[in-house]
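One structure is given below, encoded as structure tokens.
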Amino acid sequence: MRKSLCPSRSARGQSMVEYAIVTAALLGFSTMGWPFLVQLLNALHRYFNSIYYVIQAPI
């Protein structure tokens, strides 16, 4: 029997399915986590503003 050097159709299909699942998971997690990231950045901005306010406040 001769073995073929090119991958079979099922192997190519499996890798495409895995690629699609990983890509969808990454995109899904990034879009679901976006509002949380915005809130974290706003909180960090407020924190630094309050530090500068305390430093610059007259004693």
Side-chain angles (χ1 to χ4, degrees):
M1 290 232 194
R2 248 179 83 194
K3 285 192 173 181
S4 175
L5 294 178
C6 64
S8 67
R9 285 187 156 276
S10 63
R12 282 190 305 186
Q14 180 184 359
S15 62
M16 286 303 294
V17 168
E18 289 174 359
Y19 174 76
I21 289 173
V22 168
T23 304
L26 288 176
L27 289 175
F29 288 135
S30 65
T31 55
M32 286 190 308
W34 181 254
F36 181 67
L37 181 64
V38 170
Q39 288 178 354
L40 284 178
L41 291 175
N42 286 337
L44 186 65
H45 182 70
R46 287 182 186 162
Y47 175 72
F48 282 122
N49 280 343
S50 67
I51 287 177
Y52 289 132
Y53 178 75
V54 169
I55 289 174
Q56 294 176 357
I59 296 178

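If you're wondering where the values come from, they're calculated on a predicted model, not measured in any experiment.
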(message) Holding to side chain to side chain donor-acceptor pair (under 3.5 Å), I want the full list of residues that pass it with Asn49, two or more places apart in sequence or in another chain.
(response) His45
(request) Would you confirm whether Ser50, through its side chain, and Tyr47, through its main-chain N or O, come within 3.5 Å as a donor-acceptor pair? (result) yes
(request) Please check if Leu44 and Ile51 belong to a single hydrophobic cluster, counting links between Ile, Leu, Val, Met, Phe, Trp and Tyr side chain heavy atoms closer than 4.5 Å. (result) yes
(request) Would you mind listing the cluster partners of Phe36? Hydrophobic ones only (ILVMFWY), side-chain contacts under 4.5 Å, chaining allowed. (result) Leu40
(request) Run through the side-chain heavy atoms of Ile, Leu, Val, Met, Phe, Trp and Tyr, join any pair under 4.5 Å, and report what else lands in Tyr19's cluster. (result) none
